[in-house]
2 protein chains.
Amino acid sequence: MATVTIKDVAREAGVSVASVSRALNSGGGVTAETAQRIRDVATRLSYVPHAAARSLITRRTHTIGALLPDLHGEFFSELIRGIDQAARARGLHLLVSSSHDGAADAATALRAMQGRVDGMLILSNHVDAAFLRSNLPASVPAVLLNSAVKSKSYAVLNVDNYGGAYAMVRHLLQAGHSGVTFIAGPADNFDAQQRELGYRAAMAKYAPHAPLDVVAGDFNEEAGYRAGHQLLARKPRPQAVFAANDMMAVGCLYAFKEAGVDVPGDIALAGFDDIPIARYVTPPLSTVRVRIADLGRSALEQLAALLEDSKHATPSSHTLACEIVARATCGGDRQAAPHEHAPKNAVSTSGNRSSGTGGKA
Amino acid sequence: MATVTIKDVAREAGVSVASVSRALNSGGGVTAETAQRIRDVATRLSYVPHAAARSLITRRTHTIGALLPDLHGEFFSELIRGIDQAARARGLHLLVSSSHDGAADAATALRAMQGRVDGMLILSNHVDAAFLRSNLPASVPAVLLNSAVKSKSYAVLNVDNYGGAYAMVRHLLQAGHSGVTFIAGPADNFDAQQRELGYRAAMAKYAPHAPLDVVAGDFNEEAGYRAGHQLLARKPRPQAVFAANDMMAVGCLYAFKEAGVDVPGDIALAGFDDIPIARYVTPPLSTVRVRIADLGRSALEQLAALLEDSKHATPSSHTLACEIVARATCGGDRQAAPHEHAPKNAVSTSGNRSSGTGGKA
DNA sequence: ACGCTTTATGAAAACGATTACGTTGTCGCC
DNA sequence: GGCGACAACGTAATCGTTTTCATAAAGCGT
């Protein structure tokens with residue numbers, strides 16, 4: 001059961017190793033029948049080329065690396081799913097390194113991937129241009145996800161946080177609310193910043209006389225809960241609240257429920273991300289949906305394009321659209337959908353196909 | 001900016017490549033000062049050994065592969081998190097291939113990993129002993145997760161589905177319900193089978209005169225919803241319902257709410273998995289928690305042990321305990337916890353740390 | 001001083017593939 | 001019939017490491 005090498009195949013087929021290589025890879029330079037015979041022998045011996053040996057000479061690993069922060073839940077799964085599917089379709093392998101906290105951590109991981117990958121997918125908010133310059137050799141192409149980096153050396157793929165927030169604020173205002181309060185995310189988070197910008201722009205456009213109203217938050221449920229209580233203490237209570245992400249919106253919702261405030265009757269509420277929980281809280285949360293699997297997929301495809309002709313492939317910047325999902329909490333003229341069982345819209349984002357511990361049937 | 005090899009380091013340091021290799025790896029066989037000089041030169045040139053070349057000769061890739069089915073949501077993330085953290089701690093890389101549906105698909109993926117990994121972590125319900133024999137060379141050690149396979153060739157690591165279900169049924173019965181109805185999972189799913197067995201055993205033990213009552217399900221919300229309606233149509237309604245997973249319990253809960261049936265007043269309800277949604281439905285769902293990150297972690301550690309001495313490391317079977325989480329839906333003598341914000345128990349399973357699209361702050 | 005063990009070091013052989021370059025043989029064409 | 005082109009195939013170099021083996025220097029006991 002010793003590993004069978006190309007030599008064994010060659011000997012068995014009565015040819016040289018060169019011919020075996022040609023028959024199995026390029027196809028040219030060998031007669032059709034010799035090629036067939038070689039292939040037969042190869043399968044009979046169940047020969048599988050040694051990946052390391054091959055990539056030593058071809059300088060290709062057919063592997064792409066994904067550097068991800070300490071992500072949780074649906075976001076992580078969907079992202080990987082998108083990446084993995086696209087990668088498999090292209091015959092690429094996926095080397096994952098997740099759960100990074102801090103730049104030093106990410107740098108180590110990035111360096112550890114040196115030479116093991118042909119390209120990188122990077123999602124991290126402590127990654128900037130300087131970081132990349134010193135930790136990523138120029139020779140390995142990379143696609144940055146949701147990054148503020150603007151460089152023509154790297155391709156960047158962002159979710160349209162700005163547009164999504166803008167659209168949601170417009171939606172709330174057009175539903176009749178005269179103002180919108182925004183619960184912000186972490187100050188150093190790129191997504192959070194963009195969402196706030198979208199909020200400000202939409203307010204300026206559709207409610208130019210209403211005051212801008214931003215309270216601090218950090219993307220956690222607890223922060224939303226505190227913000228909710230805080231807002232209820234105001235003399236004229238806000239009419240509508242837009243949280244920078246769903247978890248804060250959920251926290252806020254519980255604060256409102258606890259105080260006996262009706263949503264959306266007394267206050268309208270909306271979040272951002274469309275995490276699965278959003279559909280299950282009572283009442284169901286209006287939010288902005290992000291097609292995360294698509295994000296992963298297109299990131300990989302962009303990287304693959306860069307890999308194919310690293311010469312004249314210009315690393316470009318793209319943005320992925322969001323869509324607003326009007327459920328119960330935003331009030332207004334929504335349709336009276338009771339509860340979405342087995343959601344009809346076949347978006348990959350909303351994955352309540354989740355099974356037990358062991359996977360699908 | 002051409003890649004710097006060991007030769008460059010050797011020339012620059014005025015030694016042979018052998019010494020460089022020794023200085024950087026074993027440490028023995030070189031003077032302390034030469035070793036230091038070599039290390040200095042190496043860092044100065046920012047030399048990083050070519051992984052392929054190295055593993056060509058050492059026959060080690062320092063990479064482990066993870067073969068996963070088409071998982072969604074929290075389960076997937078937590079599993080990978082656990083694996084990844086443990087892997088990093090051991091200096092191992094993680095090659096992921098997920099989203100497999102069907103045995104053929106899994107076989108292809110498994111074969112594609114040939115030679116790229118030192119060991120495999122496998123979670124898939126269409127993987128059995130025969131499958132492994134024909135698709136996995138005996139030389140590569142593997143750990144099977146949640147698998148029915150009983151073989152001394154492979155290590156198996158299971159969640160204690162049986163024990164968890166048993167404990168939950170006992171809990172329900174001891175809370176005063178005279179019987180429990182079970183909503184089963186897919187017939188061919190190993191977890192589902194074990195959970196049903198646990199249900200049956202607990203019933204036999206603690207309610208020997210109550211009839212066993214199992215209705216079909218498939219782990220999806222929709223099935224739980226249908227089962228819920230179906231159960232309400234019974235003449236004496238069931239007193240307590242235990243669903244084989246949380247998604248079905250949630251579907252069932254919505255069916256009850258729709259019919260105006262009070263939970264837990266009229267009917268008690270419980271699920272399995274403790275998915276994040278469980279905490280957010282109204283009322284919060286009682287369930288059985290599975291420490292998924294721990295599952296991944298110990299799987300990797302077991303594999304690492306196998307890797308270190310493949311000789312006399314006996315691939316053993318282990319089981320990971322569950323814990324029951326009594327929230328509102330199961331009635332009984334639970335404490336009146338209003339809502340768990342920022343959960344105190346620092347379990348890695350309940351990850352509402354989830355952020356926006358861009359990761360943590 | 002002299003042999004003998006220890007130790008640092010270098011030269012060279014692996015590892016398993018791809019591929020540039022020869023070599024042969026066959027065919028076509030003048 | 002000879003000459004050149006081309007196709008099929010083999011030989012050997014190559015990729016960047018690790019590791020065995022040889023060699024030289026140095027320490028050490030007598």
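Letters A, B, ... are given to chains in the order of the sequence lines, protein chains preceding strands, and every chain is numbered from 1.
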Inset, instruction - Go through the structure and list residues passing salt bridge (Lys or Arg N to Asp or Glu O under 4.0 Å) with B:Arg37, not counting sequence neighbours. - result: none
Please list every donor-acceptor pair under 3.5 Å in which a side-chain atom of residues 11-18 of chain A meets a protein atom from a residue at least two apart or in another chain.
residue : atom : partner : partner atom : Å
A:Arg11 : NH2  : A:Asp8  : OD1          : 2.8
A:Ser16 : OG   : A:Ala18 : N            : 3.4
A:Ser16 : OG   : A:Ser19 : N            : 3.4

Inset, instruction - Decide side-chain contact (heavy atoms from CB on, under 4.5 Å) for A:Glu301 and A:Arg90; before the verdict, give the C-alpha distance in whole Å, the side-chain angles of both, and the deciding distance to 0.1 Å. - result: CA-CA 9 Å; A:Glu301 262 151 31; A:Arg90 287 189 144 61; 3.3 Å; yes
Legend entry - Under the side chain to side chain donor-acceptor pair (under 3.5 Å) test, residues paired with B:Ser98 that sit two or more places apart: A:Asp84
Inset, instruction - Taking atom types as modelled, find out whether B:Ser55 and B:Thr61 have a side-chain donor-acceptor pair closer than 3.5 angstrom. - result: no
Legend entry - Axis deviation across the helix from C:dA1-D:dT30 to C:dC30-D:dG1, five-pair ends, to the nearest 10°: 50°
Legend entry - Within residues 6-19 of chain A, residues whose heavy atoms come under 4.0 Å of DNA chain C: A:Ile6, A:Ala18
Legend entry - A:Ala66 to A:Leu94 - nearest heavy-atom pair and separation: CB-CD1, 4.2 Å
Legend entry - Spacing between A:Ile38 atom CD1 and D:dG10 atom C1', to the nearest angstrom: 12 Å
Legend entry - Those residues that, when tested against A:Thr63, pass side chain to side chain donor-acceptor pair (under 3.5 Å) (two or more places apart): B:Arg116
Inset, instruction - For A:Asp118 and A:His62, indicate whether the former's side chain and the latter's backbone hold a donor-acceptor pair under 3.5 Å. - result: yes
Legend entry - Positions of residues 45-57 of chain B (non-hydrogen atom under 4.0 Å from DNA chain D), listed by number: B:Tyr47, B:Val48, B:Pro49, B:His50, B:Ala53, B:Arg54, B:Leu56, B:Ile57
Inset, instruction - Check every strand shown and say whether A:Ser21 touches a base, only sugar-phosphate, or nothing at a heavy-atom separation below 4.0 Å. - result: base
Legend entry - chain B footprint on DNA chain C, 5' to 3' - any atom under 4.0 Å from a heavy atom: C:dA8 to C:dG16
Legend entry - Residue mapping more 5' on DNA chain C - nearest nucleotide basis, B:Arg59 or B:Ala35: B:Ala35
Inset, instruction - Name all residues meeting the salt bridge (Lys or Arg N to Asp or Glu O under 4.0 Å) criterion together with A:Arg133; count only those two or more places apart in sequence or in a different chain, and write none if there are none. - result: none
Legend entry - A:Arg22 vs D:dG10: side-chain N/O to OP1/OP2 distance below 4.0 Å: no
Check residues 40-47 of chain A and write down every donor-acceptor pair under 3.5 Å in which the side-chain atom is one partner and the other belongs to a residue at least two apart or another chain.
residue : atom : partner : partner atom : Å
A:Asp40 : OD1  : A:Gln36 : NE2          : 3.0
A:Thr43 : OG1  : A:Arg39 : O            : 3.2
A:Thr43 : OG1  : A:Asp40 : O            : 2.8

Inset, instruction - Under the side chain to side chain donor-acceptor pair (under 3.5 Å) rule, collect the residues that match up with B:Thr58, sequence neighbours excluded. - result: none
Legend entry - Inter-residue atom distance A:Ile122.CD1 - A:Asn146.CG, 0.5 Å rounding: 13.5 Å
Protein-nucleic acid N or O pairs under 3.5 Å, nucleotides 24-27 of chain D:
none

Inset, instruction - Give a yes-or-no answer on whether the side chains of A:Asn158 and A:Thr319 include a donor-acceptor pair shorter than 3.5 Å. - result: no
Legend entry - Pairwise distance CG(A:Leu295) to CD1(A:Ile83) - rounded to 0.5 angstrom: 8.0 Å
Inset, instruction - Verify, without hydrogens or angle tests, whether B:Ser147 (side chain) and B:Leu144 (backbone) share a donor-acceptor contact under 3.5 angstrom. - result: no
